[in-house]
Amino acid sequence: QGPMMEVDSGRAELFRQILYSIPLPMGVVEVSESDDDVLHVFDNPATCRSFGLAAGATDGLWDGDDLKVPPATLKAWIAAYRACQRLGRPVHFEDHHEDEVGRRWQAVVATHLGPGENGRDRFCYVAEDITERKQAEEEIYRLNRSLERQAAELRTVLDVLPIGVGIAEDPECRSIRANPTLARMLRTSPGANVSLSIATADRPVGFKAYRDGRELPSDELPMQTAARTGEALADIEFEIGFDDGVEINIQESVSPLFDEQGAVRGCVSVLMDVTERRVAERERERLLEDLRDADRRKDEFLTMLAHELRSPISAASNAARILSVKAPDDPDLRWCGEVVERQTGQISRLLDDLLDVSRV
């Protein structure tokens, strides 16, 4: 028995040295028979420091009675010890407590060692401070929640936006998602792929893109052009023709999307139906042309009227002069001749003014 005791003593000393050298809190504890407290049989210096005590100061102390461990924390540790005893394998769990700098987290592995000298169940624990990891996880969780809220807000904006929006997430623009407004504009169902760059059999049916009566090939479409060149396009106009003969005018602006390496990964497009605006512009041009035509006819009429009236006015003026010369002694005839000559002169000047206005 002497050599065996020396071997056991040597192993115990080696175990103690290992525990002392490891920076992680480790130790051996016993659970009371009533499962309401934990006795520290041996703790390494890292555990003692976590309690704010010198190395070895926790040996023989009880968590609840001596070290004043909070009841909820003590209950969680005892539950973990009993779980590893019941399962016959180590149990991993996380523990947290509050200190002067805030909440601290530990990842703990508990292992059942068997009964101690006094018959109480003995356990080994290894703990690791994971506060920074938990804080990072909480920050990631917070950021994810923030991103989720922003994504939900963006989806809501896209859903209620009265302007068509198309999003292509591949550089070939083979898959283009449309918001509800664009889907209604193109007469497609929400969520449908509205790309005209995919195989003919898979293309959306019912509409095609045209410019000046010519169907646009896929490489000339605005989104595909912006994704291929990596340059934004603004206010590109073309027509969408439907199978029932209806045609609408579209104004589109596109911006490419880039990945982390600066390569184009897709694009975002904003489309507006400007059919009513173009109809109004054409109607305005028609009305302006009608006004210009009416004005031209008015000028032609005034010019013709002036030329047509010059001859009778000139004849009347000459007749008035002759009348004045033939009857100089008759005051009534002389007055009549002066009136006619004066009025024909006034009318002649008015005709000259009309001709000047029509020329201007």
Side-chain angles (χ1 to χ4, degrees), residues 147-259 263-289:
L147 289 174
E148 290 173 358
R149 287 194 297 270
Q150 293 177 19
E153 293 168 358
L154 180 59
R155 285 192 297 270
T156 302
V157 170
L158 291 176
D159 287 344
V160 302
L161 196 66
I163 297 176
V165 177
I167 302 175
E169 296 181 342
D170 62 286
E172 293 79 20
C173 299
R174 297 185 183 278
S175 176
I176 299 177
R177 293 184 289 111
N179 74 331
T181 300
L182 180 57
R184 289 192 297 269
M185 192 184 302
L186 299 178
R187 303 183 183 179
T188 61
S189 58
N193 182 8
V194 298
S195 173
L196 294 175
S197 292
I198 54 180
T200 304
D202 299 325
R203 287 186 184 180
V205 296
F207 70 89
K208 295 179 180 178
Y210 298 88
R211 182 179 290 125
D212 299 327
R214 180 178 69 91
E215 183 178 355
L216 292 175
S218 62
D219 59 348
E220 293 185 24
L221 294 169
M223 293 185 73
Q224 286 76 353
T225 301
R228 184 179 66 255
T229 63
E231 297 180 357
L233 301 175
D235 300 332
I236 305 298
E237 294 197 16
F238 58 97
E239 298 82 42
I240 293 292
F242 297 96
D243 292 346
D244 60 2
V246 175
E247 185 176 281
I248 62 174
N249 297 91
I250 297 295
Q251 186 179 76
E252 183 173 10
S253 296
V254 190
S255 290
L257 299 172
F258 301 93
D259 60 19
V264 176
R265 64 174 181 85
C267 59
V268 174
S269 175
V270 175
L271 303 93
M272 291 190 297
D273 184 345
V274 294
T275 305
E276 292 185 2
R277 184 197 305 175
R278 294 294 171 263
V279 170
E281 290 175 354
R282 288 193 290 269
E283 179 65 15
R284 183 184 63 184
E285 287 298 324
R286 188 189 65 79
L287 291 175
L288 287 175
E289 183 59 31

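These numbers come from a predicted model, not from an experiment. As a basis for the values below, the full set of heavy atoms in this structure was taken, side chains included, without hydrogen atoms, waters or symmetry mates.
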Residue pair [X] / [Y]: nearest heavy atoms and the distance that separates them:
{"X": "A168", "Y": "I176", "answer": "CB-CG1, 3.9 Å"}
{"X": "P171", "Y": "A227", "answer": "O-CB, 3.3 Å"}
{"X": "G164", "Y": "T181", "answer": "N-CG2, 3.7 Å"}
{"X": "G213", "Y": "Y210", "answer": "O-CD2, 4.0 Å"}
{"X": "L196", "Y": "F207", "answer": "CD2-CE1, 4.0 Å"}

Can you tell whether the side chains of [X] and [Y] come within less than 4.0 Å, N to carboxylate O?
{"X": "R278", "Y": "E281", "answer": "yes"}
{"X": "R228", "Y": "E172", "answer": "no"}
{"X": "R286", "Y": "E283", "answer": "yes"}
{"X": "R214", "Y": "E239", "answer": "no"}

[X] side, atom [atom1]; [Y] side, atom [atom2] - distance, nearest 0.5 Å:
{"X": "L216", "Y": "I236", "atom1": "CG", "atom2": "CD1", "value": "11.0 Å"}
{"X": "R277", "Y": "R282", "atom1": "CZ", "atom2": "CZ", "value": "12.0 Å"}
{"X": "L221", "Y": "D219", "atom1": "CG", "atom2": "CG", "value": "8.0 Å"}
{"X": "T225", "Y": "E220", "atom1": "OG1", "atom2": "CD", "value": "7.0 Å"}
{"X": "L287", "Y": "R284", "atom1": "CG", "atom2": "CZ", "value": "10.0 Å"}

Close side-chain approach of [X] and [Y], heavy atoms under 4.5 Å:
{"X": "I240", "Y": "E247", "result": "no"}
{"X": "R177", "Y": "N193", "result": "no"}
{"X": "M185", "Y": "M272", "result": "no"}
{"X": "V268", "Y": "V254", "result": "no"}
{"X": "F238", "Y": "D212", "result": "no"}
{"X": "I167", "Y": "L158", "result": "yes"}
{"X": "S253", "Y": "L233", "result": "no"}

>> For Q224 and S218: C-alpha separation, side-chain torsions, deciding distance, then whether side-chain hydrogen bond (donor to acceptor under 3.5 Å, both in side chains) applies.
In response: CA-CA 7 Å; Q224 286 76 353; S218 62; over 6 Å; no

Donor-acceptor pair, distance only, cut-off 3.5 Å: does the side chain of [X] make one with the backbone of [Y]?
{"X": "S195", "Y": "C173", "answer": "yes"}
{"X": "N179", "Y": "I163", "answer": "yes"}
{"X": "T275", "Y": "N249", "answer": "yes"}
{"X": "R174", "Y": "S197", "answer": "yes"}

> Is the cationic atom of R187 (NZ for Lys, CZ for Arg) positioned less than 6.0 Å from the six-membered ring centroid of F242 and within 45 degrees of its normal?
Replying inline: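 Yes, a cation-pi geometry holds between R187 and F242.
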
